[in-house]
Number of protein chains: 2
Amino acid sequence: MRDHGGSATSVTSAAPRCSGRATSVPRCPLVITLRSAQKVTTASRGLARWCQLPLPSSSSIRIDDDADASSEGGALVPTSRDVAKLAGVSQSTVSYVLSGKRPISPETRKRVEGAIAQLTFQPNAGARALASQRTQVIGLVAPFGVTSDHSGLLPFIETIARSVRDHDHDLLLVTNDEGADGLVRVAGRRIVDALVVMEVEARDERIPVAAGLDVPVILIGVPDERAGLPCVDLDFHAAGALAVAELAAVGCRSAAVLGYSSAEIDRGINYVPRFLEGVHAGAARLGLPLTVVSPVELERASVDAALDEVLSVESDEGELPGLVLPHTEGVAGVLRALADRGLVPGRHLGVVAMSTDAAAEEFTTPLTNVSLEPRDVSRRAVETLFRLLEAPADAEAPGIELVQPRLTRRASTALPPALAAAQLTA
Amino acid sequence: MRDHGGSATSVTSAAPRCSGRATSVPRCPLVITLRSAQKVTTASRGLARWCQLPLPSSSSIRIDDDADASSEGGALVPTSRDVAKLAGVSQSTVSYVLSGKRPISPETRKRVEGAIAQLTFQPNAGARALASQRTQVIGLVAPFGVTSDHSGLLPFIETIARSVRDHDHDLLLVTNDEGADGLVRVAGRRIVDALVVMEVEARDERIPVAAGLDVPVILIGVPDERAGLPCVDLDFHAAGALAVAELAAVGCRSAAVLGYSSAEIDRGINYVPRFLEGVHAGAARLGLPLTVVSPVELERASVDAALDEVLSVESDEGELPGLVLPHTEGVAGVLRALADRGLVPGRHLGVVAMSTDAAAEEFTTPLTNVSLEPRDVSRRAVETLFRLLEAPADAEAPGIELVQPRLTRRASTALPPALAAAQLTA
DNA sequence: CTGAAAGCGCTTACAG
DNA sequence: CTGAAAGCGCTTACAG
């Protein structure tokens, strides 16, 4: 047993003796005796302060700390061996009671559970991982610091963390700074059982590395070459088509897309072309004239230029095109630029944006949006990952799962009676 | 060694034999022989597909897979014992080369490092944790789902994750759904070595629990009763004082605070009173008349009412009060309401908001802000936590660390020449 | 400067 | 339905 930092303090643990290693102050019933006043050290001073006791100058103090008393500074942690002894069963029985991997008689179970409760036993995760080859931890590779804004990231992290907990696992955050090495590290050292890789790029250096790991990996996003790895993502093609279909439905005679920022395009994020293809396909099917301006940067000047270009293409009847705003971060800037021109979404022109519902409702004119469904995508990713984790090695590997986007009509496509009427009679 | 799912496949690993457990396909040099064509199973089919080989009908195939080839589907992972054998040293020497905990001769080191590289050895985290009683994982208890918006949360998570990696540890995310039980679980099972608890409330049920754990805990935020736990937070008192001082400096003759939302107040977040106290103290020192309206909800009606109240208190000279907006989430709504009234920040009245610099610059009129400094706070928290983790048991326990806020003047307090001049001559 | 060996606290065939 | 024991892959006194 380790000394408590000063020879003045001696610790004697009373029965039942725990077999665990002492970190500092045992959690078992104990007696602390301060032997000599002269030799009182910082450690014993600290301890006394902790216990809210005056530091005695030349007497001994007694602390009766019961088993589940929570005093900081370390504890002699009970093991499953202690539980077994107390319950009068073998250690394996304790393990089986915990895991449910074999039938246990009701009486035995009761005794074991009682002992567990009495000792406030909690299984050691490291020992369990070593013996079972399962860490019960999932790694999440999150794209911190790649782009400036990441407000959209949080719902993913949150939902993934919760879903993983629903499967009795924990979530380890792997920042993207480490790149592919991070994947190799957490998988190779068996820190995690499986990985979720977020925001994969079209040609992502992490893909071949991830495919070579001997733990299951799921991608959020769809790279050009997925190397056999399962992917989950929003159906951005459908999202693009949905956006133009809405504009057509409310009577817009043409559509214009104010594209992504060049930062986003340069990163080769695969949803950019997928969304634009969807827009094109949708417009073509509906016979809607389409203009795409891309890239559009977040800066005011770039937004103004793009808007000028788009608004100059008005139709013969002086009608403005319906606007599709795929770039969530840029939406606020475009709306501001519209306001500067005295243009009100839903009155002078239709606007559909890719954004969360919450963000869409925040604007002066609530926006019709196509939701990014981060929660659905995250949940699906985790479900698939656990199916993979539990699947026999010969199971069918899942492919690409696409979550269908959802459009919610709000004021920004509530077009004027004239247009709406035209639409109704059409 | 585990069977590969079908009796038709036998796997023989060539020297050097690895001592690790086979999950599926060994990573060591190996020979795979398909014995009988009739008995080809799904498993062996899957294997063949993987290897990009046609499935032979009645012959045996040979695959020479070298040690660092990365083929999915499992691997016979090398252990430090394999490294030791290959390097001709003892297992303990391998461990010491890795940990640097005792001097190693250059030649020995070279041989060991060579063997590690050759086998692409990575130490098993579970085994290491079990033997060393250190998991190298820090837990972060993040307040997911407590409030609606959490964009402000991300910089904390990001910075904490990075800082923790700088100390060669990983970050485990503990969602707040589990409440105090989550702390007990990850600490008690030794899933983490230490904890960061975010957004602590004034009377937080997690505090006494956290204080009873036998792992170091650091709080971000300052509860009423910190139970001896170290805290790191922004100095909200100073922030409040800084905000009114700025308004006074640019010539405002009175100040008004549009307070927090009742949701935030109800949660008993400790920075609410601290900030307001700072505002009061600052205003008192400067002799600035002060109005505080609180709560102010995020809803338009509430903002309008608060603004009406505040703007009616104009001075004899018809001057409007300077506005302090402590509630980051509510800033956008207040600005919109001001715009509706034709009031421009920095022209008709001064405005100072609590917000990140990035957010402050996003508004039509860039805002003078007092930064929340999430990165500084996070970094300090992690530094203190590791000091705690490495400190001897008798070390001095740290108390409350307050990070000083920083004010950046922008257009919203660039008041009209008349006022500025008045201020200069004063 | 290095090695042999015990031990960390579980799980899981194996045996009954 | 239960137990005895091997073993997971490291670290760390102990010994030289």
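Since the model is a prediction, treat every value here as computed from it, not as a measurement. Residue numbers start from 1 in every chain, and the chains themselves are labelled A, B, ... in the order their sequence lines are given, proteins ahead of strands.
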**Q.** From A:I191, A:D193, A:V215, residue fulfilling side-chain contact (heavy atoms from CB on, under 4.5 Å) relative to A:V186
**A.** A:I191

Q) Is any side-chain N or O of B:R81 closer than 4.0 Å to OP1 or OP2 of D:dG9? A) no

Q: For the residue pair A:H167 and A:F386, categorise the inter-ring angle as parallel (less than 30°), tilted (30 to 60°) or perpendicular (more than 60°).
A: parallel

**Q.** Nearest-angstrom distance from the residue atom CD of B:Q133 to C1' of D:dC10
**A.** 12 Å

Q.
Once rounded to the nearest 0.5 Å, what's the spacing between atom CD1 of B:I218 and atom CG of B:L229?
A. 9.0 Å

Q: Would you classify A:S105 as touching base, sugar-phosphate or nothing, given that sugar-phosphate means primed atoms plus P, OP1 and OP2, and contacts are heavy atoms under 4.0 Å?
A: sugar-phosphate

(Q) Whole angstroms only, please: what is the NZ-P distance between B:K101 and C:dC1? (A) 18 Å

Q) Which residue pairs pass the ring pair (Phe, Tyr, Trp, His ring centres under 6.0 Å) test with at least one member in residues 76-103 of chain B, sequence neighbours excluded? A) none

Q) Between atom CG in B:D82 and atom P in D:dG9, what is the gap in whole Å? A) 9 Å

Q) Nearest-Å distance, CG (A:L119) to P (C:dG9)? A) 14 Å

(Q) Can you work out whether B:V89 or A:A127 has the more 5'-proximal nearest nucleotide on DNA chain C? (A) B:V89

Q: Please measure how far the P atom in C:dA5 lies from the corresponding atom in C:dC1, and state the result in whole Å.
A: 24 Å

Q) Whole Å only: how far is the CZ atom of B:R134 from the C1' atom of D:dT12? A) 15 Å

(Q) Over all strands shown, is B:S95 touching base, sugar-phosphate only, or nothing at heavy-atom distances under 4.0 angstrom? (A) base

Q: Determine yes or no for a side-chain-to-main-chain donor-acceptor pair under 3.5 angstrom, with B:R165 supplying the side chain and B:H169 the backbone.
A: yes

Q) Can you tell me how far C1' in C:dG16 sits from the matching atom in C:dT12, rounded to whole Å? A) 16 Å

Q. In whole angstroms, how far is the C1' atom of D:dG3 from the NZ atom of A:K85?
A. 16 Å

**Q.** Nearest listed nucleotide, side chain of B:S90, among D:dT11, D:dA4, C:dA4
**A.** C:dA4

Q) Tell me the side chain to side chain donor-acceptor pair (under 3.5 Å) pairs involving residues 97-107 of chain B, sequence neighbours left out? A) B:S105-B:T108

Q | Out of C:dT2, D:dT11, C:dT11, whichever nucleotide has its closest atom nearest the side chain of B:A131 | A | D:dT11

Q) Please give, in whole Å, the distance from C:dC10 C1' to A:Q122 CD? A) 15 Å

(Q) Checking contacts here: which listed nucleotide (C:dC10, D:dT12, D:dG9) is nearest the side-chain heavy atoms of A:S80? (A) C:dC10

Restricting both atoms to N or O, compile the protein contacts to nucleotides 13-15 of chain D shorter than 3.5 Å, with distance only.
unit_1	atom_1	unit_2	atom_2	d
D:dA13	N6	B:Y96	OH	3.4

Q: Output yes when a side-chain donor or acceptor of B:R189 lies under 3.5 Å from a complementary backbone atom of A:A125, and no otherwise.
A: no

Q.
Side chains of B:S92 and B:S95 only: does a donor on one sit below 3.5 Å from an acceptor on the other?
A. no

Q.
Does D:dT11 have its OP1 or OP2 closer than 4.0 Å to a side-chain nitrogen or oxygen of B:S132?
A. no

Q. DNA chain D in dot-bracket, Watson-Crick or G-U pairs under 3.5 Å, [ ] crossing, | other strand?
A. |||.||||||||.|||

Q. For the pair made of CZ in A:R189 and C1' in D:dC8, what is the distance, rounded to whole Å?
A. 18 Å

Q) Which pairs, with at least one residue in residues 115-140 of chain A and sequence neighbours excluded, count as a salt bridge (Lys or Arg N to Asp or Glu O under 4.0 Å)? A) none

Q.
Counting only side-chain nitrogens and oxygens, does A:T93 get under 4.0 Å of the OP1 or OP2 atom of D:dG3?
A. yes

Q: Apply salt bridge (charged side-chain N to carboxylate O under 4.0 Å, His left out) to B:E383 and list each qualifying residue two or more places apart in sequence or on a separate chain.
A: none

